[in-house]
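Heads up, the thing below is written out as structure tokens.
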Amino acid sequence: MTIRIYNTMSGQKEAFEPLEPGRVHMYVCGITAYDFCHVGHARSAIVFDVIYRYLQYRGFEVVCVRNFTDVDDKIIKRGQEEGANPQAIAEQYIEAFYEDMDQLGVVRPDYEPRATQFIQEMIELIEILIEKGYAYQVDGDVYFAVEKFSGYGKLSKRKLDDMIAGARVAVEAGKRHPMDFALWKASKPGEPAWPSPWGEGRPGWHIECSAMSSKYLGSTFDIHGGGKDLIFPHHENEIAQSEAAFGKSFARYWVHNGFVNVNQEKMSKSLGNFFTIREVYERYQPEVLRLFLLSSHYRSPVDFSPESMAEAERGLERFYHTIEQVSELVGGLPRAEQLPTSKDPEFNSLREKIDTILTRFQDDMDDDFNTAAALGQLFDLSRALNRFQDNRPGKPTPEEKKLLAQGGLRLRECAKVLGLLERSPEEFFREHRRMSLEMLDIDQEAVEGLIAERAQARKEKNWARADEIRNKLAEMSIVVEDKPEGTRWRVKTPSE
RNA sequence: GGCGGCAUGGCCAAGUGGCUAAGGCAACGGUCUGCAAAACCGUUAUUCCCCGGUUCGAAUCCGGGUGCCGCCUCCA
């Protein structure tokens with residue numbers, strides 16, 4: 001079975017064959033560091049994090065590059081507004097980006113270059129483009145001449161004529177064609193500037209990705225990714241620059257993630273309907289956001305809402321509950337072993353589920369990284385594990401324990417590829433409780449006092465009193481669970 | 001105006017030519033429980049926006065319609 005990837009260039013799923021067998025070179029467009037990241041950025045990061053993890057899981061040696069744009073109009077503007085140096089602004093938001101991403105469990109790519117570290121390479125690239133007649137200089141600016149590149153529009157499926165027809169295109173003096181874009185911009189006083197053959201200036205946005213990708217991955221590489229909104233003009237322009245300069249085809253598979261919506265509309269700065277990642281962390285654990293975002297296919301839009309986040313939270317509780325139960329029963333999860341055998345049909349039914357989970361998971365993931373379907377397989381296994389334990393009220397036999405342990409282990413093995421269930425259940429539930437109590441402003445000791453009081457009442461079989469306390473706790477959004485070994489409690493979040 | 005995407009049960013969401021249309025959430029009934037909760041079992045789409053067509057056979061392909069969204073300016 002091979003991996004199939006939807007390629008924006010062809011508009012179809014294609015069998016994935018890297019340029020060099022066993023090795024994958026991928027480049028992902030990162031952020032422009034001028035503000036805190038929102039849920040849309042989180043989606044992109046998570047989608048490509050999962051692709052990165054999965055390709056490694058499938059045995060590829062992956063070299064992944066994700067850039068930071070640390071020089072650009074928005075950063076400069078922000079600097080002016082705050083009276084700060086643009087470089088400091090970029091630094092500050094790159095730092096914030098790492099804080100957000102680390103919590104989300106996004107693995108760091110192999111290389112994370114910043115545009116300003118590659119000024120010389122960009123200048124060299126622009127010189128090649130001028131030499132080859134693809135670019136021209138006007139005063140201190142250099143533009144790419146889109147008409148010279150015959151393939152312009154092949155990724156976004158547009159024709160130059162159509163583009164100018166409907167849209168208002170910035171009329172900039174000196175451009176030969178309205179769609180020509182800047183490779184180099186002359187800097188105004190007070191703006192960041194680097195010396196160049198065309199005078200003091202700074203690079204245009206698109207050129208950095210062409211320069212950095214070729215530097216780390218070669219002029220032709222396997223996967224290029226980013227949000228759907230980058231297809232035009234950013235990726236179209238990258239193709240034009242790179243293919244014009246190197247005379248070789250650029251990225252082989254173009255992967256684009258869909259948007260995060262709010263009430264069916266794209267989450268964006270301009271609409272003001274965005275939630276920063278750190279705002280989300282005030283109410284939910286980062287892992288909840290991750291599960292939510294992976295519950296839909298990466299190319300589909302997802303609607304961000306309290307309801308869907310609550311749903312993801314319940315889903316996580318379910319998974320961790322299963323792992324907790326299994327761990328308690330078998331005493332931690334040991335190493336991977338062969339699955340034990342038995343003649344018992346129930347045993348074999350679970351054994352079958354466990355035996356096939358890895359291939360079922362892989363089949364779904366191979367099909368264009370279908371995380372939603374893959375998660376379905378994991379929920380299915382989770383339920384099977386719960387069922388088996390539920391139907392064995394007595395002590396499990398050593399063989400049964402072994403089977404359950406392997407089931408728990410494999411559940412985690414698959415989840416890990418999605419960046420999920422990497423913590424202990426205790427940690428998850430503790431954190432869940434802590435956040436809920438804080439949000440509802442409930443005192444933990446008060447709750448525990450009432451629980452103890454109720455335990456006493458129950459001991460005396462004073463059910464009326466016990467229920468009275470339980471009702472009181474319920475009003476505080478506390479749900480109790482009486483277990484043979486004692487009473488547990490959890491906080492019911494308002495959205496539940 | 002140009003280009004592209006989406007429409008599946010109460011909600012979320014897989015499935016893109018053929019076994020009983022995954023899975024999650026919610027609801028209801030049951031098992032368990034002092035009663036609950038959690039967990040488990042069962043029930044909830046003869047049907048996949050509408051109308052035509054192709055086919056032995058379509059949610060899946062083609063044509064038309066309706067609705068929603070995105071890109072064409074910075075954007076993950």
Side-chain angles (χ1 to χ4, degrees), chain A residues 8 11 13 28-32 34 37-48 72-74 77 153 156-159 161-170 179 205 225-234 236 256-261 264-270 274 291-292 295-297 299-303 305 307-308 310-315 317-319 321-322 325 360 364 367 370-391 393 458 461-464 466-467 470-471 474 479-484 487-490 492 496:
Chain A
T8 306
K13 285 185 199 170
V28 181
C29 285
I31 56 153
T32 298
Y34 75 106
C37 290
H38 59 61
V39 177
H41 298 106
R43 184 177 199 193
S44 187
I46 285 175
V47 163
F48 292 101
D72 129 298
D73 292 348
K74 290 192 293 292
K77 186 168 168 246
S156 55
K157 316 273 184 289
R158 318 158 190 242
K159 298 188 181 89
D161 297 343
D162 297 340
M163 284 190 255
I164 352 167
R168 51 202 159 77
V169 181
M179 295 309 292
W205 174 34
K228 267 195 163 86
D229 44 5
L230 297 183
I231 294 172
F232 189 90
H234 186 54
E236 198 69 71
H256 292 102
N257 64 276
F259 299 132
V260 174
N261 292 161
Q264 320 286 345
E265 274 182 331
K266 180 184 171 184
M267 181 184 285
S268 72
K269 291 263 171 192
S270 46
F274 60 93
L291 178 61
F292 161 67
S295 298
S296 310
H297 185 90
R299 281 188 281 117
S300 312
V302 287
D303 211 71
S305 68
E307 291 73 25
S308 46
E311 201 178 308
E313 190 166 51
R314 293 285 294 137
E317 284 178 44
R318 192 178 170 79
F319 276 135
H321 182 87
T322 299
Q325 293 297 304
R360 283 185 288 138
D364 285 335
D367 184 15
N370 193 336
T371 55
L375 277 168
Q377 304 293 354
L378 300 191
F379 274 114
D380 190 57
L381 176 61
S382 180
R383 185 155 40 84
L385 289 165
N386 289 337
R387 179 188 332 165
F388 188 74
Q389 294 176 86
D390 232 61
N391 293 344
R458 292 185 69 222
K461 298 207 189 293
N462 185 352
W463 308 125
D467 290 351
R470 185 171 61 201
N471 288 338
V479 186
V480 298
E481 295 176 21
D482 297 327
K483 302 264 178 177
T487 296
R488 288 191 195 182
W489 58 277
R490 65 187 185 96
K492 196 172 175 173
E496 269 182 50

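Chain letters run A, B, ... following the sequence lines, proteins first and then strands; every chain starts at 1. Here the structure is a predicted model, which is why all the values come from computation and not from measurement.
- Rounded to whole Å, the C1' atom of B/A37 lies 49 Å from the corresponding atom of B/C71.
- Using a cutoff of 4.0 Å between basic side-chain nitrogens and carboxylate oxygens, A/Lys159 and A/Asp161 are not scored as salt-bridged.
- Taking 4.0 angstrom as the limit, A/Arg488 places none of its side-chain polar atoms (N or O) nearer than this to OP1 or OP2 of B/A38.
- When the side-chain nitrogen and oxygen atoms of A/Arg314 are compared with OP1 and OP2 of B/A26, one or more of them lie within a distance under 4.0 Å.
- A salt bridge between A/Arg470 and A/Asp467 is present, with a side-chain N of the basic residue lying under 4.0 Å from a carboxylate O of the acidic one.
- Interatomic distance, A/Ser44 OG to A/Lys228 NZ, rounded to the nearest 0.5 Å: 11.5 Å.
- Atom CG of A/Asp482 sits about 3.5 Å away from atom CZ of A/Arg458, to the nearest 0.5 Å.
- A/Arg158 comes within contact range of at least one nucleobase, with a heavy-atom separation under 4.0 Å.
- Paired regions of RNA chain B, where each region holds three or more successive Watson-Crick or G-U pairs whose two hydrogen-bonding distances fall under 3.5 Å, are B:1-7 with B:66-72, B:10-12 with B:23-25, B:27-31 with B:39-43, B:49-53 with B:61-65.
- Residue A/Lys266 places at least one side-chain N or O under 4.0 Å from the OP1 or OP2 atom of B/C71.
- When heavy atoms are screened at a 4.0 angstrom cut-off, A/Gly258 is found touching base atoms of the nucleic acid.
- For B/A37, the OP1/OP2 oxygens have no side-chain nitrogen or oxygen of A/Arg470 closer than 4.0 Å.
- Contact annotation: A/Asn386 side-chain N/O to B/C40 OP1/OP2 distance is under 4.0 Å.
- The phosphate of B/G15 has OP1 or OP2 within less than 4.0 Å of a side-chain N or O from A/Asn370.
- Of the residues in residues 372-380 of chain A, those placing a heavy atom less than 4.0 Å from an atom of RNA chain B are A/Ala372, A/Ala373, A/Gly376, A/Phe379, in numerical order.
- A gap of 44 Å separates the P atoms of B/C68 and B/G30, to the nearest Å.
- The same atom, C1', is picked in B/A76 and in B/A7; the two are 25 Å apart, to the nearest Å.
- A/Ser308 comes within contact range of no nucleotide atom at all, as no heavy-atom separation falls under 4.0 Å.
- Contact check on A/Arg158 versus A/Glu236 returns no salt bridge, with no Lys/Arg side-chain nitrogen under 4.0 Å from an Asp/Glu carboxylate oxygen.
- Classification of A/Glu311 and A/Arg314 as a salt-bridged pair fails, no side-chain N sitting under 4.0 Å from a carboxylate O.
- Residue-level contact check: A/Phe259 touches the bases, meaning some heavy atom is under 4.0 Å from a base atom.
- Ring pair A/Phe379/A/Phe319 is parallel by interplanar angle, where below 30° counts as parallel and above 60° as perpendicular.
- Counting heavy atoms of neighbouring residues, nucleotides and ligands inside a 6.0 Å radius, atom NZ of A/Lys269 exceeds 12 of them.
- As a whole-Å value, the separation of A/Phe292 CZ from B/C12 C1' is 9 Å.
- Between the A/Ser295 side chain and the A/Leu291 main chain, a donor and an acceptor come within less than 3.5 Å of each other.
- Between A/His38 atom NE2 and B/C74 atom P the separation is 16 Å, expressed in whole Å.
- The base of B/C74 lies outside donor-acceptor range of the side chain of A/Asp73, with no N or O pair under 3.5 Å.
- Judged by distance alone, with hydrogens and angles left aside, A/Asp161 brings no side-chain donor or acceptor close enough to the base of B/G2 to form a pair under 3.5 Å.
- Across all strands shown, A/Glu481 has heavy atoms under 4.0 Å from base atoms, whether or not it also approaches the sugar-phosphate.
- Residue A/Arg383 has no polar side-chain atom (N or O) positioned under 4.0 Å from OP1 or OP2 of B/A22.
- In this model, the phosphate group of B/A14 is approached by a side-chain N or O of A/Ser300 to a distance below 4.0 Å at OP1 or OP2.
- Counting distance only, with no hydrogens placed and no angle test, the side-chain atoms of A/Arg458 and the base atoms of B/G34 include a donor-acceptor pair under 3.5 Å.
- Nucleic acid contact for A/Val479: sugar-phosphate only, since backbone atoms but no base atoms lie under 4.0 Å from a heavy atom of the residue.
- Other residues, nucleotides and ligands place more than 12 heavy atoms under 6.0 Å from the NZ atom of A/Lys483.
- Nucleotides B/C74 and B/C11 are separated by 39 Å at their P atoms, to the nearest Å.
- Among the protein residues, A/Gly40 comes within range of the nucleic acid bases, having at least one heavy atom under 4.0 Å from a base atom.
- Rounded to a whole angstrom, the distance from the C1' atom of B/U60 to that of B/U54 is 14 Å.
- Here A/Val28 lies out of heavy-atom contact (under 4.0 Å) with every strand.
- Here, B/U20 and B/G2 have their P atoms 45 Å apart, quoted to the whole Å.
- Counting any heavy atom pair closer than 4.0 Å across all strands shown, A/His297 reaches sugar-phosphate atoms only and no base atom.
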